[in-house]
Number of protein chains: 2
Amino acid sequence: MTLLLSQLDLGTFLRIFIKRYLFKKFSFRILALMEVPKNAELTTDIDRQLNFYQKEDQVLLAVDCIIFGFDKTNLKILLIKRNFEPEKGKWSLIGGFLKKNENLDQAATRVLNALTGLSDIYMEQLYTYSKVDRDPGQRTISVSYFALIDVDSYQFDGIQIESARWFDLNEAPNLIFDHEEMIQKAIARLRRRAMTMPIGFELLPEKFTMRQLQNLYESILGKKLDKRNFINKVNSLDVLVKLNEKDMTVSRKGAYLFVFDKEKYEKKVTEDGFSFKL
Amino acid sequence: MTLLLSQLDLGTFLRIFIKRYLFKKFSFRILALMEVPKNAELTTDIDRQLNFYQKEDQVLLAVDCIIFGFDKTNLKILLIKRNFEPEKGKWSLIGGFLKKNENLDQAATRVLNALTGLSDIYMEQLYTYSKVDRDPGQRTISVSYFALIDVDSYQFDGIQIESARWFDLNEAPNLIFDHEEMIQKAIARLRRRAMTMPIGFELLPEKFTMRQLQNLYESILGKKLDKRNFINKVNSLDVLVKLNEKDMTVSRKGAYLFVFDKEKYEKKVTEDGFSFKL
DNA sequence: GCAAATAGTGTAAAATCGACACATAAAATT
DNA sequence: AATTTTATGTGTCGATTTTACACTATTTGC
């Protein structure tokens, strides 16, 4: 136990000690404070150099993840029942707060991993929501991310959270805050991306049938597609490999399985300026 | 001068006193500190009730505006020379900090207005930048916005800032922080938007010639377009009105002026599901 | 009145899109 | 063993959209 004595003003104090507080095993308890006029001279020049923006407001920064999944038939979204205030017990997107020593992508990855156990997931930043009263708890700005996972690749053991559930897009419950708005924007982005980038494969198992791929696109776009036109188009892109293997679970005849050839795709992009368009 | 005595740990202390520090006339000087193990119990319940997310880190939130302009020939970007630390004297985007009582759109509008005097400007949120060390001054997260204005509609009186300047896109100076990355992303967004939304007109004066419109699109896309194909396409959209008035400043023959019929456009969108595509 | 400079105009070939129907393979049933 | 069932797999043609391309018209300055 150490006793420190200081004449620094609060701003300076924070800047100097906050890192120790965050990264070391010890924190500090304040034993004595002196209130002084705020416009009093800063005591040190070091102060100026350490902190330029001292008079600005700070806010909490959250990340919220819109997690899309595909169960070989329908596009789904993963929601949780909040087990903390405010709005405890209501359905919500999976979220968390940005920490000092990470960037937003890392925060989103961490939050998703903490709640699903999954890593190496496709994620993309979407939009930042900042309505003054969006969170009744405290002024919070939230950055939304969307994530794509194959529902079947991860079995819910209920280990991570007992209150998480997949919902069909149109039967999702009412959500807290502005989370429904976030989902709408995420769907729009997903639609655009699916047409111009090979991200659909993130939602499918490694091996998939043409029918599954078409179902996926129909779910994403919310409309039926013509089977032959779809297959012709996909084939013309020339980034799938047809396996000598059939999925016999759905039809008597069986359907050939395909895999997405990511290396071939990337080679085409860099060498031929190829761009994925469906 | 008041003397306070407290047993709060640092986290609690911050939450309770930071508002006074920020909003009132007084600040505090710390006279004595005690270092204690970090996992020590919180002292008050009041604490919990005051703030749901009390253990979370707060950050500064900035907005940075990528302001595009068009001088009837070239696409330009507005930059300022910073007159404050850090990086004083270097070129930078126009930016500022989010305040407690406004949302991000309002902050962006305020910042742009403060520095150019312009209001009613097309703005759109782009992306949020959060690298831990992006701003050496302090942990700052920045939300970028892009704005579109007609260079000629606003004469720089040098009133607002003497150090602001329009730069051609490819002759912009080195910028601070991650501002160049922001600009690259903004250009990409502008290209996409220009092809699918009638935002190009924000960059032109109310009356413009076909050639100016084509020059604008060529600047945005960074490539030459075929004159006849361009005009045919624009005409097929049927949202411009040809005036009985010519711009005689460029050619001997003179070129007819056009205006964008916003009402017609919006009517087509809502009534016929029309979508602008160039 | 002639030179200069930019405006303005149409067509044909190529590529892409969208609609559309039937034979096939294998399992399940009889 | 024959039949029924069910989803798979495959190609063409017309419509639409995109691209390439060249000459005349108008007015001012000389």
Side-chain angles (χ1 to χ4, degrees), chain A residues 71-74 191 194-196 204-205 207-219 221-259 268 272-278, chain B residues 71-74 191-192 194-196 204-205 207-219 221-259 272-278:
Chain A
D71 66 357
K72 296 206 184 68
T73 313
N74 287 305
R191 279 185 187 155
M195 297 311 279
T196 55
L204 291 168
K207 299 174 183 180
F208 51 87
T209 66
M210 273 291 175
R211 177 29 64 103
Q212 284 163 11
L213 186 63
Q214 187 179 340
N215 283 343
L216 170 62
Y217 271 84
E218 289 179 345
S219 301
L221 301 177
K223 66 177 181 195
K224 288 281 164 206
L225 301 173
D226 178 86
K227 180 167 56 157
R228 277 177 291 186
N229 290 340
F230 182 80
I231 291 173
N232 287 159
K233 220 172 193 176
V234 170
N235 282 335
S236 75
L237 294 173
D238 189 29
V239 291
L240 295 191
V241 177
K242 186 177 192 168
L243 301 178
N244 229 336
E245 201 179 332
K246 283 189 166 186
D247 172 10
M248 304 304 290
T249 60
V250 183
S251 87
R252 328 251 174 198
K253 185 179 175 183
Y256 281 103
L257 290 166
F258 292 79
V259 292
K268 287 179 73 147
D272 312 340
F274 169 76
S275 88
F276 186 97
K277 288 263 176 287
L278 258 185
Chain B
D71 65 357
K72 297 208 183 68
T73 314
N74 286 305
R191 282 187 184 153
R192 228 175 334 113
M195 297 312 280
T196 55
L204 291 169
K207 301 173 182 180
F208 51 86
T209 65
M210 275 291 174
R211 182 19 73 86
Q212 284 164 11
L213 186 62
Q214 186 178 341
N215 283 342
L216 171 62
Y217 271 84
E218 289 180 346
S219 299
L221 301 176
K223 66 178 181 197
K224 288 280 163 207
L225 300 173
D226 178 85
K227 181 167 54 159
R228 275 177 293 186
N229 291 340
F230 182 80
I231 290 173
N232 287 160
K233 218 171 193 176
V234 170
N235 282 335
S236 75
L237 293 174
D238 188 31
V239 290
L240 295 192
V241 177
K242 186 176 190 167
L243 301 178
N244 230 336
E245 200 178 333
K246 283 189 166 186
D247 172 11
M248 304 304 290
T249 60
V250 183
S251 85
R252 328 252 175 198
K253 186 178 174 182
Y256 282 103
L257 289 166
F258 292 79
V259 292
D272 313 340
F274 170 75
S275 87
F276 186 97
K277 290 262 176 289
L278 260 187

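Just so you know, these numbers come straight off a predicted model, no measurement behind them. Quick note on labels: first sequence line is chain A, next is B, and so on, each numbered from 1.
- Residue Met248(A) places its side chain closer to dA26(C) than to any other of dT10(D), dA7(D), dA26(C).
- At most 12 non-hydrogen atoms from other residues, nucleotides or ligands lie less than 6.0 angstrom from NZ of Lys207(A).
- Proximity note for Ala255(B) (side chain, C-beta onward) versus dG8(C), dG11(D), dA7(D): the nearest is dG8(C).
- Side chain Arg228(B) to base dA22(D): a donor-acceptor pair is found below 3.5 Å.
- Shown here is Lys277(B), whose NZ atom has more than 12 heavy atoms of other residues, nucleotides or ligands within 6.0 Å.
- Rounded to whole Å, atom C1' of dA20(D) lies 17 Å from atom CZ of Phe230(B).
- Under a 4.0 Å N-O distance rule, the pair Glu218(A)/Lys223(A) does not qualify as a salt bridge.
- In this structure, Leu278(A) atom CG and dG18(C) atom C1' are separated by 15 Å, rounded to whole Å.
- For the pair Arg252(A) CZ and dT3(D) C1', the interatomic distance rounds to 13 Å; values are reported in whole Å.
- Comparing atom distances between the Asn229(B) side chain and each of dT19(D), dA7(D), dT28(D) picks out dT19(D) as nearest.
- Computed from coordinates, the Asn235(B) CG to dG8(C) C1' distance equals 11 Å when rounded to whole Å.
- Straight-line distance from the CD1 atom of Ile231(B) to the P atom of dG10(C): 11 Å, rounded to whole Å.
- At least one side-chain heavy atom of Leu213(B) sits less than 4.5 Å from a side-chain heavy atom of Phe230(B).
- Closest to the side chain of Asp226(A), from the set dC21(D), dT9(C), dC20(C), is dC20(C).
- In this structure, Leu225(B) atom CG and dA20(D) atom C1' are separated by 14 Å, rounded to whole Å.
- Heavy-atom nearest nucleotides on DNA chain D were determined for Val250(A) and for Lys242(A), and the one closer to the 5' end corresponds to Val250(A).
- Checked by distance alone, Lys253(A) brings a side-chain donor or acceptor within 3.5 Å of a matching partner on the base of dT24(C).
- Look at CG on Asn215(A): it is 12 Å from P on dA7(D), rounded to the nearest Å.
- You'll find that the side chain of Lys227(A) is closest to dT8(D), out of dT8(D), dA7(C), dT9(C).
- Note: CG (Asn232(A)) to P (dA15(C)) measures 17 Å, nearest angstrom.
- Asp226(A) approaches Gln214(A) most closely through the heavy-atom pair C-NE2, 4.1 Å.
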